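To start, the structure under review is shown below, and the notes come after it.
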Amino acid sequence: MRALLWLLLAPVAAGACPGLELHDGWVRAPLPGADVLAAYGELRNAGASVLRIDGFGADGFGMAMLHETRLENGMSRMRARDALVLAPGKSATLAPGGMHLMLMQPAAALKAGDRAQLRFACSGRESRFAVPVRP
Amino acid sequence: MRRARLAVLLLGCAALVAGVWAGRHWSASRAPELRSGVLLQPRRAIAEFSLQDQDGRPFGRERLRGHWTLLFAGYTHCPDVCPATLALMKSLQRTLAGQGRAPHMLFLSVDPERDAPARLKDYVAAFDPAFEAVTGPAAQIDALCASLGLAYARVPEGSGYSLDHSAALTLIDADARVAGYFQPPFDLPALAADLGRVVAGS
């Protein structure tokens, strides 16, 4: 975990995750008092090699984790996931009620209309995507 | 205490399963088929309970009488499912208000430790100032959940915790009885049509 944090904070990244794309990304605008936000979008591997995304972050947030909401026996359960593996040509959808990036420990309150910078790390590389904040 | 809580949760689960089964059984044989949920037959009375609303006023069974209520149980630190469900309730209300068939929308926080009434007030008002929210002592939340057939459980996470909670919307009639349940994935048009029909038929 400490190593991961170091990785995310490393000033010189070794370039972006090859072929990683984020489509229709967005962060749900925080509700009053909310200090935990969710980010969504479709992550796509447009590259030629398998991507293992195992680091997650967002500028202005102390911590981000990949979470998945699962519906089991009528219960909504939220659980952390360590990594997301995307084969070439494959995509994974982060959407309400399913997988989402959970953003924690905000340094400042975001509001609708702002943009957030999401970060995804894979094998020492990091991709960044600017996404809108909206209700 | 922990054992008692677990028993309440298990009872809640059993009640929900029984309720869903009864609803399915009934709807298959006699009721107009709902597209997005199940109705209970007979409807199940809710036992007395004592909670507080978003203004800190007492909220018991009497507050459920005289109008239909659609209830969702969650917590404000829930980043994904709860805002999505409350946004859906807002859309539902907008759709049904024009027909004069919108139920009261009620958010039950199962996280009283972090969700004080003032916090709940701001939270639900962000969706609609007419939305109400209730919470209170765990024992009272458990009592209401048992009546409703809902369950929740606290899950440690890092230095804090999250909560597993029933994903259903519970429909309560004007006599404070559980009338039915709607389960995700929610489809707004189907849900609105079902709710409008049930509320109109009273």
Side-chain angles (χ1 to χ4, degrees), chain A residues 1-2 4-5 25-41 56 58 61-82 93-106 109-113 116 118 131 133-135, chain B residues 9 12-17 19-20 38 54 72-88 90 107 110 114-116 118-127 149-153 155 157-170 181-186:
Chain A
M1 191 59 215
R2 192 157 295 221
L4 185 67
L5 206 62
W26 62 288
V27 172
R28 188 188 296 280
L31 291 152
D35 48 11
V36 182
L37 305 187
Y40 305 104
F56 306 89
F61 288 85
M63 194 176 174
M65 292 169 81
L66 181 65
H67 269 228
E68 183 170 25
T69 301
R70 278 180 280 170
L71 191 63
E72 292 170 359
N73 304 320
M75 297 282 280
S76 173
R77 302 179 197 276
M78 203 170 67
R79 296 292 182 270
R81 283 184 56 156
D82 291 340
T93 303
L94 279 60
M99 271 195 293
H100 53 277
L101 208 58
M102 191 155 113
L103 313 179
M104 291 163 279
Q105 302 162 12
L110 287 176
K111 58 183 188 306
L118 305 182
V131 303
V133 178
R134 59 176 170 85
Chain B
L9 290 182
C13 288
L16 182 59
V17 168
V20 167
V38 293
Q54 70 280 0
F72 176 66
Y75 61 110
T76 69
H77 280 77
C78 150
D80 180 43
V81 160
C82 303
T85 306
L86 283 156
L88 172 98
K90 168 71 183 166
F107 181 62
V110 293
R114 294 185 295 194
D115 288 344
R119 183 185 173 92
L120 286 174
K121 186 180 174 76
D122 290 344
Y123 184 79
V124 293
F127 295 94
L150 301 180
Y152 69 97
V155 182
E157 189 181 87
S159 57
Y161 62 94
S162 67
L163 291 146
D164 292 352
H165 54 99
S166 293
L169 290 168
T170 305
Y181 298 99
F182 299 93
Q183 289 283 358
F186 297 118

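Numbered from 1 within each chain, the chains take letters A, B, ... in sequence-line order. Note that these values count all heavy atoms, side chains included, but never hydrogens, waters or copies made by symmetry. No experiment lies behind these values; they were computed from the predicted model shown.
Taken from CG in L163(B) to CZ in R77(A), the straight-line distance is 12.0 Å, to the nearest 0.5 Å.
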Query raised in the report: Going through the checks in order, is the salt bridge (charged side-chain N to carboxylate O under 4.0 Å, His left out) test met by D164(B) and R70(A)?
Result: CA-CA 10 Å; D164(B) 292 352; R70(A) 278 180 280 170; over 6 Å; no

Query - Derivation of the side-chain contact (heavy atoms from CB on, under 4.5 Å) call for R79(A) and V155(B) - result: CA-CA 9 Å; R79(A) 296 292 182 270; V155(B) 182; 4.0 Å; yes

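The residue among G97(A), A80(A), A95(A) with the most heavy atom pairs within less than 4.5 Å of chain B is G97(A). The candidate from P30(A), G33(A), A34(A) with the greatest count of non-hydrogen atom pairs under 4.5 Å with chain B is G33(A). No other option in S162(B), P79(B), A125(B) has as many heavy-atom pairs under 4.5 Å with chain A as P79(B).
Listed in order of number, the residues of residues 99-106 of chain A that approach chain B to under 4.5 Å between heavy atoms are H100(A), M102(A).
Across all non-hydrogen atoms, the minimal contact from P96(A) to D80(B) is CA-OD1, 3.2 Å. Across all non-hydrogen atoms, the minimal contact from Y152(B) to M75(A) is CA-CE, 4.0 Å.
Heavy atoms of L31(A) lying under 4.5 Å from chain B belong exclusively to its side chain. For a residue to count as touching a neighbouring chain, one of its non-hydrogen atoms must lie under 4.5 Å from one of that chain's; by this rule R28(A) touches chain B with the side chain only.
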